[in-house]
Amino acid sequence: MKIKNICCIGAGYVGGPTMAVIAQKNPHINVTVVDINEKRIAAWNDEDVENIPIYEPGLSAVVKEARGTNLFFSTDVDAAIDKADMIFISVNTPTKTYGVGKGMAADLKYIELCARQIAEVAKDNKIIVEKSTLPVRTAEALKSILDNTGNGVNFQILSNPEFLAEGTAVEDLLDPDRVLIGGNVNTEAGREAMQALVDVYAQWVPQEQILTTNVWSSELSKLTANAFLAQRVSSINAMSELCEHTGADINEISKAIGMDSRIGPKFLQASIGFGGSCFQKDILNLIYIAKSYGLNEVADYWEQVIIMNNHQKRRFAEKIVKTLFNTVSGKKIALFGWAFKKDTNDTRESAAIYVADYLLNEQAEIVVYDPKVSEEQIYSDLNYLGTRSEQENRKLVTVVRDPYQVCEEAHAVAILTEWVEFKELNWQSIYDNMLKPAFFFDGRKLLNKRKMEDLGFNFYMIGE
Ligand code: UDX
Ligand code: UDX
Ligand code: ADP
């Protein structure tokens, strides 16, 4: 079976880049990405390709090449579903904020809405691909909705979790470590559907890197991968605190353990804590699933990863207050970076939000500079926490577009995102314009401590 038309529901951080690359590598397939968010679709269609809604290195070039040829962005969800042989579901699955499982379980209402819409519209057989990260056994629920509300057509459900990391999305898509496809391996129709998706990826991914598994393994592999990655960050962050008390240096430790091939060098960078739309959400989800099977030790084991991460964010903020003579009330503190990591404009679960909120509770005056995050987004992140009124957030927080302006008359500078451009700033001139003593808190281990101390800064670095 050869796929001619693909539809992707959800034009976000996952759906957008993934479909752009699939379209670029499969010129014989028409790819339509749909979303109910009109503003987002308009941005994807903006004549100036630099205005697409997601910042990812290399993405605008891929979009430019395929858009209008075999890559389309639209708000007409029904039309795209109707035409497609294969439908990717790539909508958001946030943590539930209400009811049973509040604060833990994944909220599947957007997924279910998609399934019901597909069932209603579909007049011929379709392959449905779960792209969003979902709890294990979601395919079962999807199948039940589709089969019970549909028009008697056949649906094959596949799981094809996305492993791309933001900031390197295009690179990760073009050269993935592996592509994982889960499906019903016990039936001919299931195996055919899997092969159809294998063929899409085989256009550019070597066959031996395309793994096929049963659908539950695929769903659970995604949660497992993110839990393992997050656990490494929490493990190294736990050691960073011990380093600060013992004279050991976390960079030296990372290097020393990373050279053990059983451990490996990646994801051992101590930080103010992990953020992003996946790690916390997926681990909470894993904890919830484990508990729902009565596996309390499994749940407790993974919960420690979150507890450690919350502790790391909090202790960084506490360190700032303690160092500034136990009060930051009325003091100007310059925050460098708001995104959850460099090279993205995504701020979901960014540690910066929590550090800022803590400092605002201590009545600090915050000034933020981030090269890619909009002012509107920064206020919206703080307002979403609901700690104080929107007016107060506006009063206490200023967003600037000039990194030098951010530091004028500031008591302290804190680096919260590892943007490379921060390394190249003229820190001498920034030091000169700050109040003295000028405090510096490097939450990303970005700058050289000795050099910064030579400039006159009172310098704190995580893990030293
Ligand atoms: C360990 C360290 O590996 C070694 O570097 C250090 O110097 C001493 O401690 P050892 O305890 O001899 O070495 O063996 P190791 O291979 O690490 O196994 C430890 C235990 O973990 C064993 O019971 C092993 O069966 C178990 N294990 C190891 C697993 O269950 N799964 C694995 O994937 C690896
Ligand atoms: C992650 C997974 O890496 C990806 O495979 C999955 O598909 C989605 O979730 P992402 O959240 O985009 O990707 O970014 P990632 O690079 O994993 O970083 C997550 C967070 O961990 C960031 O806040 C980052 O700053 C932090 N981190 C990462 C560290 O603090 N130290 C590290 O060594 C690595
Ligand atoms: P991710 O990081 O998983 O891509 P995003 O929030 O960036 O998450 O993107 C998900 C997108 O899915 C959003 O743009 C949202 O508007 C869209 N979406 C959610 N539900 C539906 C739906 N029923 N139909 C179409 N689009 C939807």
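All ligand and atom numbering here is 1-based and tracks the order in the structure.
Residue Leu446 holds its CG atom at 8.0 Å from CZ of Phe422, rounded to the nearest 0.5 Å. How far CD1 of Ile320 is from NZ of Lys322: 12.0 Å, rounded to the nearest 0.5 Å.
For ligand 2, the atoms lying closer than 4.0 Å to a non-hydrogen atom of Leu229 are 3 (O). Taking every heavy atom of Gln269 and a limit of under 4.0 angstrom, the matching atoms of ligand 2 come to 29 (C), 30 (O), 31 (N), 32 (C), 33 (O). In the vicinity of Gly275, heavy-atom distances shorter than 4.0 Å reach the ligand 2 atoms 19 (C), 20 (C), 22 (C), 23 (O). The contact set between ligand 2 and Glu162, taken as ligand atoms under 4.0 Å from a residue heavy atom, comprises 7 (O). Atoms of ligand 2 found under 4.0 Å from any heavy atom of Cys278 (numbered from 1 in listed order, with element): 8 (C), 9 (O). Per-residue contacts place Leu268 under 4.0 angstrom from the following atoms of ligand 2 (heavy atoms of the residue considered): 33 (O). Annotation for ligand 2: atoms under 4.0 Å from non-hydrogen atoms of Ser271 are 29 (C), 30 (O).
The number of heavy-atom neighbours closer than 6.0 Å to OH of Tyr379, taken from other residues, nucleotides and ligands shown, is above 12.
Judged by a 6.0 Å distance limit and a 45° cone about the ring axis, Lys449 is not positioned over the six-membered ring of Phe459. Remark: Arg178 is positioned above the aromatic ring of Phe163, its terminal NZ or CZ atom under 6.0 angstrom from the ring centre and at most 45 degrees off the axis. A cation-pi geometry, defined here as NZ or CZ lying under 6.0 Å from the six-membered ring centre and within 45° of its normal, holds between Lys372 and Tyr55.
Side-chain contact between Lys131 and Ile89 is absent, with no heavy-atom pair separated by less than 4.5 Å. Side-chain contact between Val321 and Leu359 is present, with at least one heavy-atom pair separated by less than 4.5 Å. Looking at heavy atoms from C-beta onward, Trp419 lies in side-chain contact with Asp343 at the 4.5 angstrom threshold.
At a heavy-atom cutoff of 4.0 Å, ligand 2 is contacted by both the backbone and the side chain of Ala165. Only side-chain heavy atoms of Asn226 come within less than 4.0 Å of ligand 2; its backbone N, CA, C and O stay farther off. Only backbone heavy atoms of Leu164 (N, CA, C or O) come within less than 4.0 Å of ligand 2; its side chain stays farther off.
Within 4.0 Å of ligand 1, protein heavy atoms belong to Arg262, listed by chain and number. The residues lining ligand 3, counting any heavy atom closer than 4.0 Å, are Ile9, Gly10, Gly12, Tyr13, Val14, Asp35, Ile36, Asn37, Arg40, Ser90, Val91, Asn92, Tyr110, Cys114, Arg348.
Checked against a 3.5 angstrom limit, the closest N/O atoms of Phe279 and ligand 2 fall outside it. Taking distance alone, with nitrogen or oxygen atoms compared against 3.5 Å, Phe340 approaches ligand 2 more closely than that limit.
Here the two rings, on Trp427 and Phe440, have centers that are under 6.0 Å apart.
A side-chain donor from one of Tyr201 and Asn160 sits under 3.5 Å from a side-chain acceptor of the other.
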Going through the checks in order, is the side-chain contact (heavy atoms from CB on, under 4.5 Å) test met by Ile306 and Gln280? CA-CA 7 Å; Ile306 301 279; Gln280 172 163 314; 4.0 Å; yes
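Between Phe73 and Trp44, the ring-plane angle classifies as parallel under the 30° and 60° cut-offs.
Using a 4.0 Å heavy-atom cutoff, Arg444 is listed among the residues neighbouring ligand 2. The shortest separation from a heavy atom of Lys222 to ligand 2 is under 4.0 Å, placing the residue in contact.
In terms of the salt bridge (charged side-chain N to carboxylate O under 4.0 Å, His left out) criterion, residue partners of Asp199 (sequence neighbours excluded) are, by chain and number, Lys2. Taking Arg450 as the reference, nothing meets the salt bridge (charged side-chain N to carboxylate O under 4.0 Å, His left out) condition, with sequence neighbours excluded.
A donor-acceptor distance shorter than 3.5 angstrom exists from the side chain of Arg232 to the backbone of Ile263, with no hydrogens or angles considered.
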